[in-house]
Asker: 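Input: one structure, supplied below.
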Amino acid sequence: MIIYVSQSRDHEVIAKLNRNVHNLHAKLYPKYFKEYNYNAMKETFKKLVENNNFVFLVLKDHEVPIGYAWIEIKNYPESAFKNEYKSVYVHQLSIVESQTHKGYGKKLMNEVYDIAKKNDIDLIELDYWYENMAAKEFYKKQNFKKYREFAFRQL
């Protein structure tokens, strides 16, 4: 097996790899998420890959894309409320459904950690939907800790 991670701006590949995570969101929260539409995702990611603050990592096995991570280098300026700091924010991480539970998510996250270190950043941030138990367990294994919670009230 030749498995590697590289940065990519190939919006078509990223749009395809987005399918698994998007389908999970649509299944868990159909009120908020539309059904996966490759053409719509392709057009969306075509614009997103142009943002220089975003980094897209694609995981390949023998040149076949099997997963991706979408991260952002965030700069938080000093304010009356907070000190200045930087973080790497993980927007999405997705592995093709047939390739889950093989350590590929961990491989992508290790690349995220390396990017943070290379940019002198010591904070990785992310969020996931409350009912996404797979994400909750995965990030727990990656030693993520909660430091903020979001709540809502439906009227």
Asker: Quick one, V58 with D10, criterion side-chain contact (heavy atoms from CB on, under 4.5 Å). Give me CA distance, side-chain angles, the key distance, then yes/no.
Answerer: CA-CA 9 Å; V58 174; D10 187 336; over 6 Å; no
Asker: Are V21 and Y38 in one and the same hydrophobic cluster, where Ile, Leu, Val, Met, Phe, Trp and Tyr link if side-chain heavy atoms are under 4.5 Å apart?
Answerer: yes
Asker: Can you tell me how far apart NE2 (H22) and OH (Y36) are? Round to the nearest 0.5 Å.
Answerer: 8.5 Å
Asker: Main chain of E125, side chain of S87: is a donor-acceptor contact present, judged purely on distance under 3.5 Å?
Answerer: no
Asker: Which distance, rounded to the nearest 0.5 Å, do you find between the CD1 of I14 and the CE of M41?
Answerer: 12.5 Å
Asker: Any side-chain heavy-atom pair from K86 and N119 closer than 4.5 angstrom?
Answerer: no
Asker: Using 0.5 Å steps for rounding, measure from the NZ atom of K60 to the OH atom of Y104.
Answerer: 14.5 Å
Asker: Are L126 and F33 connected in the hydrophobic side-chain network, where two residues link if heavy atoms are under 4.5 Å apart?
Answerer: no
Asker: Got a second to check how far Y29's OH is from W129's CH2, nearest 0.5 Å?
Answerer: 6.5 Å
Asker: Give the cluster check for L24 versus V96: same hydrophobic cluster or not, with ILVMFWY residues linked at side-chain heavy-atom distances below 4.5 Å.
Answerer: no
Asker: Counting distance only, does the side-chain N/O of N20 pair as donor-acceptor with the main-chain N or O of I95 below 3.5 Å?
Answerer: yes
Asker: Could you check whether any side-chain N or O of S8 sits under 3.5 Å from a backbone N or O of F56, counting only pairs where one atom can act as donor and the other as acceptor?
Answerer: no
Asker: If you define the side chain from C-beta out and look only at heavy atoms, does anything of M133 sit under 4.5 Å from Y128?
Answerer: no
Asker: In terms of the angle between their ring planes, are F45 and W70 parallel, tilted or perpendicular, with boundaries placed at 30° and 60°?
Answerer: perpendicular
Asker: Where do V88 and E72 land on the side-chain contact (heavy atoms from CB on, under 4.5 Å) test, with the steps shown first?
Answerer: CA-CA 6 Å; V88 173; E72 179 179 2; over 6 Å; no
Asker: Tell me whether K136 contacts the main-chain N or O of Y130 through its side chain, where contact means a donor paired with an acceptor under 3.5 Å.
Answerer: yes
Asker: For S98 versus K102, what's the shortest heavy-atom pair and its separation?
Answerer: O-NZ, 3.8 Å
Asker: Return the minimal non-hydrogen interatomic distance between L93 and Y139, and the atom names on each side.
Answerer: CB-OH, 3.7 Å
Asker: Hey, what do you get for CG (D114) to CE (M109), rounding to the nearest 0.5 Å?
Answerer: 11.0 Å
Asker: Do Y32 and L28 share a hydrophobic cluster (ILVMFWY, side-chain heavy atoms under 4.5 Å, transitive)?
Answerer: yes
Asker: Does any N or O in the side chain of H11 come within less than 3.5 Å of the main-chain N or O of E50, such that one atom is a donor and the other an acceptor?
Answerer: no
Asker: Consider only side-chain heavy atoms of I, L, V, M, F, W and Y, link residues closer than 4.5 Å, and tell whether I71 and Y113 are in one cluster.
Answerer: yes
Asker: Should D122 and Y85 count as side-chain neighbours, where that means a heavy-atom distance under 4.5 Å?
Answerer: no
Asker: Does atom NZ of K46 have more than 12 heavy-atom neighbours, drawn from other residues, nucleotides or ligands, at distances under 6.0 Å?
Answerer: no
Asker: Above 12 or not: heavy atoms from other molecules or residues under 6.0 Å from CG of D120?
Answerer: no
Asker: side-chain contact (heavy atoms from CB on, under 4.5 Å) for V5 and L108? Distances and angles first, verdict last.
Answerer: CA-CA 7 Å; V5 177; L108 276 168; 4.0 Å; yes
Asker: Drop me the distance from I115's CD1 to I121's CD1, to the nearest 0.5 angstrom.
Answerer: 9.5 Å
